[in-house]
Amino acid sequence: MVDFPALRTKMVDGQVRPNDVTDLRIIDAMGEVERENFAPGDQRPLAYLDRDLPLGGGRASRVLIQPMVLARMLQYAAIKPTDKVLEVGSASGYGAAVMARLAGSVVALEQDSDLATIARRQLAGLANVAVVEASLVKGAPDAAPFDVIIFNGAVAAFPDAIAHQLAKGGRLLLVEEGRGVPRAKLYARDDGGISGRALFDASVPVLPGFEAVETFAF
């Protein structure tokens, strides 16, 4: 028998707390949500390792992102109990389950039908979470604006269309690839528009639809 509560405590104490995560609400949430329930059956014993967890089913790019990366992004997001949050690429719903304990409401956006079905099942008991099955690249304009938008995966270029779904004062967190090392970044909207800054190095798979556009040289 796998002692999941002990592994969960070890994850929080060994991966979350030592990585500049000081918000006790995040620490408590990640200590409460049963990450193994969002993993494929054969991956459940590996749910608390310090790495991305593949979700299988031929979806090479779909994972539960590394716990430390998620926790640090949540720390910088500074989610308030009144905030409306959009998670882009919710996958099986783990991140949404954690954020539901921090925010007023969460829209979990997922385009993979199988993953969306799993997310609905796992999140069914959370009244402040809505799973939306739709294209990731369009975001959720009908539910905008959002106080916080978090990408559960990387992007190759800044997602302008989704960034415009931020409310004034809103924050957008993602891992951005490109030249050099992939980095988690924080973008914020104010009266002057949207500005951003790099936070920390992080490497996670690119979400479907957000890959680099191929160019040809002649």
Side-chain angles (χ1 to χ4, degrees), residues 8 10-23 25-27 29-31 33 35 38-39 43 46-56 59-79 85-99 102-103 106 108-110 115 136-137 139 146 148-160 162-163 166 170-189 194-213:
R8 193 155 50 249
K10 185 176 180 180
M11 176 195 74
V12 170
D13 291 343
Q15 301 174 43
V16 177
R17 291 180 185 272
N19 279 288
D20 300 322
V21 178
T22 57
D23 188 332
R25 299 180 308 138
I26 298 172
I27 291 169
M30 296 190 75
V33 177
R35 185 176 166 92
F38 298 86
Q43 296 291 307
L46 310 178
Y48 295 100
L49 294 182
D50 186 19
R51 62 174 177 81
D52 298 333
L53 187 72
L55 292 173
R59 310 175 190 90
S61 67
R62 305 313 303 275
V63 300
L64 299 184
I65 65 174
Q66 187 180 0
M68 177 273 290
V69 173
L70 175 62
R72 293 192 72 184
M73 290 174 72
L74 293 175
Q75 175 76 29
Y76 283 106
I79 297 173
V85 177
L86 170 66
E87 183 185 32
V88 180
S90 188
S92 57
Y94 173 72
V98 173
M99 285 181 266
L102 309 174
V106 179
L109 178 65
E110 180 50 57
L115 291 177
L136 299 184
V137 298
F146 298 96
V148 176
I149 299 176
I150 293 185
F151 280 66
N152 185 41
V155 302
F158 184 70
D160 290 288
I162 295 179
L166 274 178
R171 290 85 67 203
L172 184 150
L173 282 295
L174 50 68
V175 174
E176 195 169 325
E177 291 199 337
R179 298 175 181 174
V181 179
R183 289 185 171 88
K185 293 187 177 181
L186 166 65
Y187 290 89
R189 174 184 287 279
I194 297 174
S195 59
R197 62 187 176 95
L199 301 175
F200 57 92
D201 295 350
S203 181
V204 298
V206 176
L207 286 170
F210 295 96
E211 301 89 350
V213 177

Inter-residue atom distance Ser61.OG - Asp52.CG, 0.5 Å rounding | 11.0 Å
Report all side-chain donor-acceptor pairs from residues 66-77 shorter than 3.5 Å, counting only partners two or more places apart or in another chain.
residue	atom	partner	partner atom	Å
Gln66	NE2	Asp50	OD1	2.7
Arg72	NE	Asn19	O	3.4
Gln75	OE1	Thr22	N	3.0
Gln75	OE1	Asp23	N	3.1
Gln75	NE2	Thr22	OG1	3.2

Kindly say whether Phe38 contributes a backbone atom to a donor-acceptor pair with the side chain of Ser92 at under 3.5 angstrom?
-> yes
Does Ala78 offer a backbone N or O that forms a donor-acceptor pair with the side chain of Arg171 under 3.5 Å?
-> yes
Only counting residues at least two apart or in another chain, list the ones meeting ring pair (Phe, Tyr, Trp, His ring centres under 6.0 Å) with Phe158.
-> Tyr187
Do the non-hydrogen side-chain atoms of Leu172 and Phe151 ever get within less than 4.5 Å of each other?
-> yes
For the pair Val85 and Ile149, evaluate side chain to side chain contact (heavy atoms under 4.5 Å, CB included) and give the outcome as yes or no after the intermediate values.
-> CA-CA 6 Å; Val85 177; Ile149 299 176; over 6 Å; no
Looking at Leu102 and Arg25, what are the two nearest heavy atoms and their distance?
-> O-NH1, 3.2 Å
Taking all non-hydrogen atoms of both residues, which atom of Lys185 and which atom of Leu199 are closest, and how far apart?
-> C-CD1, 3.9 Å
Distance-only, no hydrogens or angles: does the Glu87 side chain make a donor-acceptor pair with backbone N or O of Ala96 under 3.5 Å?
-> yes
Asn152 side, atom CG; Leu173 side, atom CG - distance, nearest 0.5 Å | 12.0 Å
Here the pair of heavy atoms bringing Ala198 nearest to Arg183 is CB-CD, 3.9 Å
Is there a side-chain contact between Leu55 and Leu115 (heavy atoms, below 4.5 Å)?
-> yes
Tightest non-hydrogen contact, residues Pro54 and Arg51, listed as CD-NH1, 3.7 Å
Do Tyr48 and Arg35 meet the criterion of a side-chain donor-acceptor pair at a distance under 3.5 Å?
-> no
Flag, side chain of Glu110 to backbone of Ala91, donor-acceptor distance under 3.5 Å | yes
Is the shortest heavy-atom distance from the side chain of Leu53 to the side chain of Leu46 under 4.5 Å?
-> yes
Do you know which of Leu174, Leu136, Val88, Ile162 makes side chain to side chain contact (heavy atoms under 4.5 Å, CB included) with Val155?
-> Leu174
May I ask you to test the Ser90-Leu109 pair for a side-chain heavy-atom distance under 4.5 Å?
-> no
In short, Arg8 meets Gly31 closest at the heavy-atom pair NE-O, 3.2 Å
Closest heavy-atom pair and its distance - Ile27, Arg17 = CG2-NH2, 3.5 Å
